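Sequence lines set the chain letters: A, B, ... in the order given, protein chains first and strands last, and positions in each chain run from 1. Just so it is clear, the structure is predicted and the values come from calculations on it, not from any experiment.
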There are 2 protein chains.
Amino acid sequence: MKQLPATASVNTQVLTALRAAVISGELVPGNLYSVQVLATQLGVSRTPVREALIKLAQQGMVRFERNRGVRVLLTSLHDLEEVFALRLLLEPPAVRRAVGRLEPAQLKELRRTFVQMERAAKADDEFTMFEHDRRFHRALLEAAGNTRLAAYVDGLRDMVLRRGVSTARESRSLDDIVAEHRTILDLVEAGDADAAAKAMREHVQHTAELLIAQEAGSGPVDVDLAWTEGVMRTH
Amino acid sequence: MKQLPATASVNTQVLTALRAAVISGELVPGNLYSVQVLATQLGVSRTPVREALIKLAQQGMVRFERNRGVRVLLTSLHDLEEVFALRLLLEPPAVRRAVGRLEPAQLKELRRTFVQMERAAKADDEFTMFEHDRRFHRALLEAAGNTRLAAYVDGLRDMVLRRGVSTARESRSLDDIVAEHRTILDLVEAGDADAAAKAMREHVQHTAELLIAQEAGSGPVDVDLAWTEGVMRTH
DNA sequence: CGGTGATGTGTCGCATGCCACTCTCGGAGA
DNA sequence: TCTCCGAGAGTGGCATGCGACACATCACCG
C-alpha cells in the first residue's frame, strides 16, 4: 500500500487510498485485515482508517467482523446482477434527460473526456481509460440534474471495477468500449434523447453480459436483466 | 432525546436514536449540533455518536462542518424532486419483477403488513402507519431479489419522512394512502405485474405531487418527474 | 494417541486526551 | 458611539488508552 500524499484531509486521503487498494485487488476479497495494521501502513492512526472503512462498509465493499477484523467482500454473480440491474434502471433514463439539458460548455467537456478516453485506449493505458470512462458517465448523469443518482451510480461502479479493471481486456478490446461511448456521445450531441438512452442501455447491458459470462465461467448463467427494460405506458 | 434501551450494540442504538431524532424533527434541520452534547444526552462517548453521524452524513441527512458542529440538512424542493425521481425509476420496475416471485408465505406476510397499516390508519396512529408503510414497500422491493435496490430506496424514504410524517395529514387522509396500497396489493395478489407496477408508479407520483406542492407553498412549482416514465422499446 | 481446557495474542468497540481552528464577546481606543 | 482586536470557550479531527471477546496454541489429562 503506497504512502499518502501530503495534502488534503487525512480522512479523505485514507478513504481514497483504501478504495484504490480494494479496487486494485491489493486488499484481497475474502481476506481479513486489521485496522491497526492498515493504519500503520498508511502512516496514520486507527481513527481515520476506521472511519473510512465505515464508509466503504456502507457502500458494501467491506464488512466489520467484531474482534476479528474487517473483511473485503467478494462480489458474487448475484452482486453483479444487482449492480447492473440498478445501472440499467437508472442510466438510460438519466441520459435521456441529460440530452437537451447539457450546456454547450458541458458538451464540449464531455467530448474532451471522450477524446482522453480514446487516447488512453490507443496507448493501451487501461487504468487511465477507466478513469475517463467513469468521468464520462458521471458527467452525463450529473447533467440530468440528479446529484443523488449520479453519486449512487458512481458508487456502484466501484463494485464492478475490481472485476473489470483486470479482466475486461480478455473479453473485449478497449477500442470496442470506446466505440460504444462514441455512439452515445454522437447521439447526445445530435440531440436524439431516445436513441442516446437506448445506446446507453445497450452499452451497460453489453458490459454486464461480458462481465457476468466471464464470472460465471463455463457454469450455467442464471441471470435475468430483462425486467429492467422500461415497458410502462401510463397514458 | 430519549435515553437508550439497554440491549444491542451501542453504535446501532445511537444510529437508530439519531435517525429518529432527525426524522421527528427533534434535531431541527438547518441547526448545528455538537457531537459532545449529543453524546452526553445519549449517555455514551463521542466515538459511537460520531460514527453514527458519519453514516447519516453519507446518506445526506447531516453534514460535518469542521470546528463548527454537525448540521442537520434541510430538504429543499430539489431534494424532494431527486428522491422521487429515483423512487419512480426504481420502485415500479421492482414491483413488476416482484410479482410472480413472491412466495405464498411472503404474500401472506405482505397482506398482514397491509392489514396492520390499515388498522393503524383507522386508529389515527400516524407513526405506526408509516412504519408499516415502510415495511410494505421494503417487503415488495426485497421480493424483486435486489437487496441493494431495496436498501437504497429504504434510505431515500428517510429524506422524505421528516417532511411527510408531520404534514401528510393536512393534504390527504391516511385512508387515501391505505387505499393506494390496497390497489397495489390486490394487483400483486392477482399476479398482474404491469398493472401493479403502474399502480406503484401512480402511488409514488401522487405522494410526490402532494409533498412537492405543499413544500412549494403558493410559489411556482418547477418540478419535472415525467422523464422517469419508461418509454424504451428496444425491440 | 485423542480430546480438552488454560493461556496468550490479536482484534474491534468504546472512551478519552490533545490540538488547531472558528466564533463570540467584551473592552480599549478613536 | 462605533470599530477593532484579542482572549476565551467550544468544536471537529486525529491519536491513543482500555476492556471484552475470538481464536490459536499448547500443555495436560483420559
Open item on the list: Evaluate A:Y33 against A:L53 for side-chain contact (heavy atoms from CB on, under 4.5 Å), listing each step before the verdict.
Closed with: CA-CA 11 Å; A:Y33 295 89; A:L53 286 172; over 6 Å; no
Open item on the list: How many whole angstroms separate atom CZ of B:R71 from atom C1' of C:dT22?
Closed with: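 After rounding, the gap between these two atoms is 13 Å.
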TODO: With side-chain contact (heavy atoms from CB on, under 4.5 Å) as the test, would you mind laying out the steps for B:L56 and B:L15 before giving the verdict?
DONE: CA-CA 8 Å; B:L56 293 182; B:L15 181 62; 3.9 Å; yes
Open item on the list: Strictly by salt bridge (charged side-chain N to carboxylate O under 4.0 Å, His left out), give each pair with a member in residues 69-80 of chain A just once, sequence neighbours left out.
Closed with: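 Only A:E65-A:R71, A:D79-B:R148 qualify under salt bridge (charged side-chain N to carboxylate O under 4.0 Å, His left out).
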Open item on the list: Applying salt bridge (charged side-chain N to carboxylate O under 4.0 Å, His left out) as the test, list every pair that has at least one member in residues 9-21 of chain A; sequence neighbours left out.
Closed with: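 Checked against salt bridge (charged side-chain N to carboxylate O under 4.0 Å, His left out) - neighbours excluded - the pairs reaching residues 9-21 of chain A are A:R19-A:D158.
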- [ ] Kindly determine whether A:E51 and A:T47 satisfy side chain to side chain donor-acceptor pair (under 3.5 Å), including the steps that lead there.
- [x] CA-CA 6 Å; A:E51 293 180 355; A:T47 306; 5.9 Å; no
Anything under 3.5 Å between a donor and an acceptor, one on a side chain of residues 87-95 of chain B, the other on a protein residue two or more places apart or in another chain? List them.
residue: B:R87; atom: NE; partner: B:E91; partner atom: OE2; Å: 2.6
residue: B:R87; atom: NH2; partner: B:E91; partner atom: OE2; Å: 2.9
residue: B:E91; atom: OE1; partner: B:H137; partner atom: ND1; Å: 2.9

Task: Sequence-aligned protein contact record of nucleotides 8-18 of chain C, with B where the base is within under 4.0 Å of a protein heavy atom and S where only the sugar-phosphate is - done: --BBBBBBBBB
Write out a two-atom table: protein N or O, nucleotide N or O from nucleotides 7-9 of chain D, distance below 3.5 Å.
none

Task: Residues B:E109, B:R112: salt bridge by 4.0 Å N-O rule - done: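 Yes, B:E109 and B:R112 are salt-bridged.
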Task: Qualifying residues under side chain to side chain contact (heavy atoms under 4.5 Å, CB included), relative to B:T147, sequence neighbours excluded - done: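 Testing B:T147 for side chain to side chain contact (heavy atoms under 4.5 Å, CB included), a comparison that skips the adjacent residues, returns A:E82.
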